Amino acid sequence: MKIGIPRALLYYRYGILWETFFRELGHETVISPRTNKDILTKGEQLSIDENCLSTKLFFGHVAALEGKCDYCFVPRIANLGDAGRFCSRFEALPDMCRNMFRESDLRILRINIDPEQHTSAKRAYLNLGMQLGASREKAQAAYEAGMAAQMDSFRKKTEINRTLLKKEGIKVLVASHPYNLYDEYIGAPIIKSIRNLDAVPICSDGIDPREARSRASEIAKHVPWVVSRELLGAIQTYRDKIDGIVLITAFPCGPDSMVNEMIIRRISHVPILNLLLDSQDGNAGIDTRLESFIDIIRFRKEVEQ
Ligand code: SF4
């Protein structure tokens, strides 16, 4: 069977787990292409205006899988228990997709992860594996292989950051949700521009997620969202090792509008550039702001020397 996976939202967190899980069960996976103009346009057409840019892109990626797979995998991941909640948009994704693509041949394959309602991730993946025809033992082995691959990828990202922090030059922490950091239309051009300005971009997801969550409360104690906690923990961990922070937000993100304000108020000794991205074309304005930001950091460093 061919299982389509949209290259958006939690794909950038759990994609390796999903691809390994389905492959171990004997299924082929088809990942939607990197974001391009067609995907963005389609996502905007399908979505209501109130959705954030990241969610609009998700719908565009689902549409890009039409006719290319037997099922499109759209998980509902509500929370990680005590580790916090995911954005409420993730809870609605399977229902929104079912409704949006009701006249299409696209079949939605869903999973429901909600430890607060006694549905752990492990139980959800075992049920999914058995729904796809595997024995309980095979589903469990596929889940364990997927988790091991996923943990390995978290470790590699942490290792990359350790290496980057040893480099000479200006270091900029690029802080955002992983699906914003690596998307071709949101964070990827910003990371590239920072490199072109001879600075070293350090991505905020290059840290063990558990360690990051445990440090979040040193900046803010009562943040409900998993990814926001990890972002705060990454800032707390790296704040004395970097020269500046670029915050990237996909308009109009509710959690980020609150958390970014907190970061700006509480992290006073590091320069912060707050970039809000909508679906506008081109990066000219952003490049100019990044250039000025790096110039300011360079100037500060020269004065301090
Ligand atoms: S956390 Fe923000 S960017 Fe992410 S899905 Fe929710 S509203 Fe969109």
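Both ligands and their constituent atoms are indexed starting at 1 by order of listing. Computed from a predicted structure; not experimentally measured.
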Heavy atoms of N161 and G206 approach each other most closely as ND2-O, 3.1 Å
Discussion item. What I want to find out is whether R110 reaches D95 closely enough, with some N-O distance under 4.0 Å, to be called a salt bridge.
Written reply: yes
Legend entry - Any donor-acceptor N/O pair, S153 side chain to A149 backbone, under 3.5 Å: no
Closest heavy-atom approach to atom 1 (S) of ligand 1 among Y179, F58, F90, F86 is made by Y179
> Should K156 and E159 count as an ion pair when the cut-off is N to O under 4.0 Å?
Replying inline: no
Exercise. Decide whether D208 and T158 meet the rule of one side-chain donor and one side-chain acceptor closer than 3.5 Å.
Key: no
Given a cut-off of 2.8 Å, the protein N, O or S atoms lying below it from atom 8 (Fe) of ligand 1 are C52 SG
Query raised in the report: Within the distance-only criterion (no hydrogens, no angle test), does the side chain of N79 pair as donor or acceptor with the backbone N or O of E116 below 3.5 angstrom?
Result: yes
